[in-house]
Amino acid sequence: LRTLPGLIGDSDIAMANLETALTSHGRRTPKEFSFRAPTRVLKTLKSRGIDVVSMANNHAVDFGVDGLAQSLDAIDADGFPVVGIGRDEAAAYAPHVFEVNGQRIAVLGTTEVIDSQLVKTWTATDSQPGLSSAKRVDRLVEAVRAARTDADTVVVLIHWGTQYVPCPTDVQLALADALTEAGADIVVGGHQHRVGGAGFYGSALVGYGLGNFLFSASSPAASHSGLLEVTATGRRIDGYRWIPAVINDDAQPIPVPPDVRPYRGLMNDWNALRTCTDLTADRRDG
């Protein structure tokens, strides 16, 4: 984030995926990778221009019920907008609503990626804290429809896809259809550690994968990163653009300006990713 303060801070709402438990407590969940960070991360994100994060992903409960409890306490104490996680399902599936220039922007977070043995214990229910699970498609659709009734623009941040595969899976294609049909205007996801295609799905804007961001890159493909900037007025997507970046040895995304030689190649690669999706570069109405 040291390298992108202007681009992030100049946006009306800057959104991100926060893929870690916020805790110093709890027992590590037995899985290949487990992440945790100090609770002060929320203040750091705010100071760098981030306005809202989703914690609905496959690492938010990496340190069990005790780690989840500390994460939720930190969220409540800080007041920083965090979606996709909560003390029950009503809170986990609830949006955070911003008002920008008279427009009400509802932001929801959800994850389709949860290790199979953890789905039951990680998913928020009426009596259990946890995450908004996109595996409960009907419940997620209900949340989007509810947000639609009270918002000018509905945004869904979703964790989905297959690691290291930039093209969308059948599950992603079905979810994009279900979410936009329910009233989502912008659907943006991640998890694959690869940049994916973005474009119009009818009149909605869908981004299948943003790649890594503040994360070490183990290969050239994993180092490709960037920001997806979307401009909307109510339900109308006025425009969008990809701002490419490359992750350096310090795990920082470095923006690539248009007058630097790699820019054209990165943009060509990004536009080519749309060919394996159900998206178009331009808006399709009707």
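Here the straight-line distance linking atom OH of Y263 with atom CG of N268 works out to 10.0 Å at 0.5 Å rounding. Rounding to the nearest 0.5 angstrom, the gap separating the OG1 atom in T23 from the CG atom in L68 is 9.0 Å. The distance from the NE2 atom of H159 to the CG atom of N57 is 5.0 Å, given to the nearest 0.5 Å. The CG atom of N17 sits 11.5 Å away from atom CD1 of I158, with the distance rounded to the nearest 0.5 Å. Here CD1 of I105 is found 12.0 Å from CG of D51. Values are rounded to the nearest 0.5 Å. Atom-to-atom distance recorded for I13:CD1 and I50:CD1 is 12.0 Å, nearest 0.5 angstrom.
The minimum heavy-atom distance linking T121 with Q128 is given by the pair O-NE2, 3.3 Å. When all heavy atoms of I8 and A14 are compared, the pair lying nearest together is CG2-CB, 3.6 Å. Closest approach of P95 and V83 over heavy atoms only: C-CG1, 4.4 Å. Counting all heavy atoms, side chain and backbone alike, L22 lies closest to P38 at CD2-O, 3.9 Å. Residues A56 and G84 approach most closely at CB-O, 3.5 Å, considering heavy atoms. Here the shortest heavy-atom pairing between L273 and T277 reads O-CG2, 3.5 Å.
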message: Is there a side-chain contact (heavy atoms from CB on, under 4.5 Å) between R194 and H224? Walk through the geometry before answering.
response: CA-CA 7 Å; R194 296 292 185 272; H224 292 179; over 6 Å; no
message: Let's go through M15 and V53 carefully: what are the C-alpha distance in whole Å and the side-chain angles of both, what is the deciding distance for side-chain contact (heavy atoms from CB on, under 4.5 Å) to 0.1 Å, and is it a yes or a no?
response: CA-CA 6 Å; M15 312 174 197; V53 296; over 6 Å; no
- prompt: Which is it for I75 and M55 under the side-chain contact (heavy atoms from CB on, under 4.5 Å) test, yes or no, and what are the steps along the way?
  reply: CA-CA 11 Å; I75 293 166; M55 283 184 64; 4.0 Å; yes
- request: Evaluate the side-chain contact (heavy atoms from CB on, under 4.5 Å) criterion for residues N101 and D12: first the C-alpha distance (whole Å), next the side-chain angles of each, then the deciding distance (0.1 Å), finally the verdict.
  value: CA-CA 9 Å; N101 299 324; D12 290 318; 4.2 Å; yes
Test salt bridge (charged side-chain N to carboxylate O under 4.0 Å, His left out) applied to D78 and K43, step by step: CA-CA 8 Å; D78 189 273; K43 287 184 172 56; 3.0 Å; yes
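Checked by atom type and distance alone, the side chain of D238 pairs as donor or acceptor with a backbone atom of T233 at under 3.5 Å. With hydrogens and angles ignored, the 3.5 Å screen pairs no side-chain donor or acceptor of R87 with any backbone N or O of S127. Looking at S54, its side chain never comes within 3.5 Å of a backbone N or O of G109 through a donor-acceptor pair. No donor-acceptor distance shorter than 3.5 angstrom exists from the side chain of Y164 to the backbone of A222, with no hydrogens or angles considered. T110 places a side-chain N or O within 3.5 Å of a backbone atom of A134 that can act as its donor or acceptor partner. The main-chain N or O of A281 is found under 3.5 Å from a side-chain atom of Y240 such that the two form a donor-acceptor pair. Checking side-chain atoms of Q70 against main-chain N and O of G26 turns up no donor-acceptor pair under 3.5 Å. Within the 3.5 Å criterion, the main-chain N or O of G209 finds no donor-acceptor partner in the side chain of W160. Using modelled atom types, no side-chain atom of R104 and backbone atom of V97 make a donor-acceptor pair closer than 3.5 Å. With hydrogens and angles disregarded, a donor-acceptor distance shorter than 3.5 Å links the side chain of D62 to the backbone of F35.
Legend: side-chain hydrogen bond (donor to acceptor under 3.5 Å, both in side chains) pairs involving residues 210-219, not counting sequence neighbours, sorted by first then second residue: H193-N212.
Put simply, Y208 and I243 are part of two different groups of oily side chains (I, L, V, M, F, W, Y) that touch within less than 4.5 Å, one to the next. Residues L45 and L227 are members of one and the same hydrophobic cluster, defined by side-chain heavy-atom contacts under 4.5 angstrom among Ile, Leu, Val, Met, Phe, Trp and Tyr. L131 and V137 are not part of a single hydrophobic cluster, where members link through side-chain heavy atoms under 4.5 Å apart. Under a hydrophobic clustering in which Ile, Leu, Val, Met, Phe, Trp and Tyr are joined whenever their side-chain heavy atoms come within less than 4.5 Å, directly or via other members, F215 and L157 fall into different clusters. Clustering ILVMFWY residues whenever any of their side-chain heavy atoms sit less than 4.5 angstrom apart, transitively, puts I186 in a cluster other than the one holding V206.
Contact check for N58 versus I114: no side-chain heavy atoms found under the 4.5 Å cut-off. For the pair V61/L118, no side-chain contact is recorded, criterion being any heavy-atom separation below 4.5 Å from C-beta on. Between E229 and R241, the closest side-chain pair of non-hydrogen atoms falls below 4.5 Å. Contact annotation: the side chain of H59 never approaches that of T20 to less than 4.5 Å [non-hydrogen atoms, C-beta and beyond]. In this structure the side chain of W242 reaches within 4.5 angstrom of the side chain of L210, judged on heavy atoms. Between L72 and I85, some side-chain heavy-atom pair lies under the 4.5 Å cut-off. Using a 4.5 Å heavy-atom cutoff, the side chains of V107 and V156 are not in contact. Side chains of Q192 and Q172 form a contact here, defined as non-hydrogen atoms less than 4.5 Å apart.
Within a 6.0 Å sphere centred on CZ of R264, heavy atoms belonging to other residues, nucleotides or ligands number 12 at most. Heavy atoms from other residues, nucleotides or ligands lying under 6.0 Å from NZ of K46 number 12 at most. The neighbour count for K120 NZ, taken as heavy atoms of other residues, nucleotides or ligands under 6.0 Å away, does not exceed 12. Heavy atoms of other residues, nucleotides or ligands lying less than 6.0 angstrom from CG of D76 number more than 12.
For the pair R28 and F63, the cation-pi test (distance below 6.0 Å, angle within 45°) is failed.
With respect to D185 and R148, a salt bridge is recorded, a charged nitrogen being found less than 4.0 Å from a carboxylate O.
Of the candidates T280, T180, D177, D278, D177 is the only one forming a side chain to side chain donor-acceptor pair (under 3.5 Å) with Y201. Applying side chain to side chain contact (heavy atoms under 4.5 Å, CB included) to S225 and the options I247, V195, L266 leaves one that passes, I247.
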